[in-house]
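Working notes, structure below.
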There are 2 protein chains.
Amino acid sequence: MGMTSAPFPIASANGIATIAALIGDPARANILSALMGGQALTAGELSWHAGVGAPTTSGHLAKLSEAGLLAVERQGRHRYYRLASPDIAQAMESLMAVAAAGPRRHRPPGPKDEAMRTARTCYDHLAGRLGTRLADRLNERGFVILDDGSAQVTKDGRDFLGGLGLAIPETGEQRRPLCRVCLDWSERRFHLAGRLGAALLTCSLERGWIVRVPDSRAVAITEVGSKGFATVFGITPEQLAPK
Amino acid sequence: MGMTSAPFPIASANGIATIAALIGDPARANILSALMGGQALTAGELSWHAGVGAPTTSGHLAKLSEAGLLAVERQGRHRYYRLASPDIAQAMESLMAVAAAGPRRHRPPGPKDEAMRTARTCYDHLAGRLGTRLADRLNERGFVILDDGSAQVTKDGRDFLGGLGLAIPETGEQRRPLCRVCLDWSERRFHLAGRLGAALLTCSLERGWIVRVPDSRAVAITEVGSKGFATVFGITPEQLAPK
DNA sequence: CCGACGCTTCGTCCGCGGCCGAAGCGTTCG
DNA sequence: CGAACGCTTCGGCCGCGGACGAAGCGTCGG
């Protein structure tokens with residue numbers, strides 16, 4: 001028998017349990033999901049999202065912060081919480097993919113849900129139909145190469161995006177990938193993440209092409225945005241239609 | 001203010017909590033970690049890995065199966081459990097990355113831990129120093145392009161790997177990416193995953209270059225393997241040395 | 001300077017869920 | 001066919017941790 005010593009914890013398996021247990025509480029999951037919107041929120045707002053009282057929320061926030069999942073910033077009498085790193089967002093995203101793939105959870109697609117499917121933020125980039133179509137169009141035009149689960153920006157793409165005023169750092173040799181794909185839980189296809197994805201989101205917001213929907217990760221596409229996405233990226237309104 | 005209706009659960013945020021809660025139990029995390037080795041294990045073996053009794057393990061396995069995280073296969077009086085899909089493995093991997101990045105968990109690197117750092121399986125591909133060096137060498141030679149967090153196989157690479165007897169399906173249009181990167185929790189750098197990563201692992205096993213270490217995800221590099229990795233990929237033994 | 005507000009800490013309650021021993025069911029072997 | 005084995009089901013124990021109300025601390029507004 002190859003049984004070495006006692007049944008002792010596999011290296012780091014305990015660490016992963018700790019993290020997962022933190023995410024595993026409904027209230028905390030709601031908090032983290034709310035923060036997947038990408039913007040920092042106050043404890044009060046998070047309390048509302050979590051669906052529990054202020055004291056309970058405070059406890060949750062303390063635990064999440066201590067574990068390094070959240071970063072906190074005091075500002076006046078408010079405390080702004082945000083996800084501590086893109087890694088956290090990616091872990092959440094992977095879990096969403098698993099959850100969406102799993103056995104049918106009864107999830108009546110409400111009107112708000114429909115807005116989320118059309119366009120939403122995924123931490124710091126775009127997701128939903130808008131996000132996936134954006135990836136498709138950039139791929140078709142040879143600006144990014146999407147080969148199954150990998151993504152790469154081409155020379156042409158760098159030029160094109162540069163023309164939009166999107167300054168993509170040449171090769172920062174940073175931890176953060178320039179361009180990676182992210183599995184969309186509603187579309188079950190890929191959209192663009194990484195520094196490029198983040199740049200596309202901020203650009204769209206700055207130009208007023210999309211606006212954030214209050215208390216939600218969903219974003220609404222404005223009039224000017226509808227034109228902008230069509231002329232610049234070739235995304236027709238039909239492609240963004242619910243059905 | 002924009003408070004719409006009651007604080008009702010964000011779409012699918014509850015689903016993610018369910019999944020995370022399942023992973024969040026230490027015993028279950030140990031089970032899943034053990035199955036990250038990529039091979040199916042019996043309930044008894046998993047009970048040992050989990051560190052709890054058989055009845056308790058059985059309960060855990062039932063929950064994990066029902067949630068769609070595990071697939072089970074009856075064979076004689078044994079029941080073989082394995083991860084239900086690569087998505088699960090990726091979610092676990094993301095969580096490991098978060099856990100490893102978090103505040104210092106006291107994790108005295110034992111001898112077994114050292115073996116894991118040298119070479120181990122990560123679900124169905126190679127990780128550890130061997131895995132990352134493999135990615136490096138393939139990158140240097142222009143067989144794959146690693147640009148930050150993205151990976152792509154070149155024409156040259158396809159030819160090279162074909163010469164090794166690795167038949168990589170041209171472009172299966174499958175869900176499973178041909179080549180993607182996976183963050184190595186011990187090296188804190190990328191190694192290769194996807195269908196390519198899986199092919200590299202099975203190839204190495206078939207040729208006897210590596211052998212699985214019992215009751216562990218670690219793999220040991222054989223004599224012939226040491227030569228093989230050096231001549232075929234240009235990986236010197238020094239690059240695989242612990243320090 | 002006092003009251004309203006935002007957030008946290010403290011104390012308490014209580015229910016969910018993990019754990020085990022014993023028993024039950026199916027399979028394999030002598 | 002009976003005994004050993006692998007795994008699951010059942011029943012009961014117990015402790016962890018999430019929930020809230022009340023109170024405490026810091027900040028902003030008149």
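Letters go in sequence order (proteins before strands), and every chain restarts at 1.
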Query raised in the report: Mind checking whether B:Val224 and B:Trp209 have side chains closer than 4.5 Å, heavy atoms only?
Result: yes
Query raised in the report: Does the side-chain hydrogen bond (donor to acceptor under 3.5 Å, both in side chains) test come out yes or no for B:Ser186 and B:Arg120, once each step is laid out?
Result: CA-CA 10 Å; B:Ser186 59; B:Arg120 65 177 182 277; 3.0 Å; yes
For a quick test of reading the model: is some side-chain N or O of [X] closer than 4.0 Å to OP1 or OP2 of [N]?
{"X": "A:Tyr81", "N": "C:dT8", "value": "yes"}
{"X": "B:Thr42", "N": "D:dC7", "value": "yes"}
{"X": "B:Lys63", "N": "C:dG18", "value": "yes"}

Of all the choices, [options], which nucleotide is nearest to the side chain of [X] once you look at every atom?
{"X": "B:Ser58", "options": "D:dT9, D:dC20, C:dT8", "value": "D:dT9"}
{"X": "B:Val52", "options": "D:dC20, D:dT8, C:dC19", "value": "C:dC19"}
{"X": "A:Ala43", "options": "C:dT8, D:dC7, D:dG18", "value": "C:dT8"}
{"X": "B:Ala27", "options": "D:dA19, D:dC20, C:dC19", "value": "C:dC19"}

Write down the distance between [atom1] ([X]) and [atom2] ([N]), rounded to a whole number of angstrom.
{"X": "A:Glu66", "N": "D:dG17", "atom1": "CD", "atom2": "P", "answer": "13 Å"}
{"X": "A:Leu41", "N": "C:dG6", "atom1": "CG", "atom2": "P", "answer": "15 Å"}
{"X": "B:Arg28", "N": "C:dG17", "atom1": "CZ", "atom2": "P", "answer": "9 Å"}
{"X": "B:Leu22", "N": "C:dC16", "atom1": "CG", "atom2": "P", "answer": "17 Å"}
{"X": "B:Leu61", "N": "C:dC19", "atom1": "CG", "atom2": "P", "answer": "12 Å"}
{"X": "B:Leu64", "N": "C:dG18", "atom1": "CG", "atom2": "P", "answer": "10 Å"}
{"X": "A:Asn30", "N": "D:dA19", "atom1": "CG", "atom2": "P", "answer": "10 Å"}
{"X": "A:Ile31", "N": "D:dA19", "atom1": "CD1", "atom2": "C1'", "answer": "13 Å"}

Requested in this report: Run through A:Thr121, A:Thr222, A:Leu126 and flag the one making a side-chain contact (heavy atoms from CB on, under 4.5 Å) with A:Ile210.
Outcome: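 Of the listed residues A:Thr121, A:Thr222, A:Leu126, the side-chain contact (heavy atoms from CB on, under 4.5 Å) partner of A:Ile210 is A:Leu126.
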Query - Distance-only side-chain donor-acceptor flag, B:Asp184 / B:His191, under 3.5 Å - result: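 The answer is yes; a qualifying pair exists.
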Report summary line: When B:Thr56 and A:His60 are each assigned the nearest nucleotide of DNA chain D, the 5'-most assignment goes to B:Thr56
Requested in this report: Let me see the working for B:Leu95 and A:Ile23 under side-chain contact (heavy atoms from CB on, under 4.5 Å), right down to the final yes or no.
Outcome: CA-CA 10 Å; B:Leu95 288 172; A:Ile23 307 177; 4.0 Å; yes
**Report entry** Candidate pair B:Arg28 and B:Leu22, rule side-chain contact (heavy atoms from CB on, under 4.5 Å), full reasoning
**Finding:** CA-CA 7 Å; B:Arg28 285 193 293 258; B:Leu22 283 170; 4.0 Å; yes
Query raised in the report: Would you call A:Asp124-A:Arg195 a salt bridge at under 4.0 Å N-O?
Result: no
**Report entry** Residues from residues 73-80 of chain B lying under 4.0 Å of DNA chain D - heavy atoms
**Finding:** B:Arg77, B:His78, B:Arg79
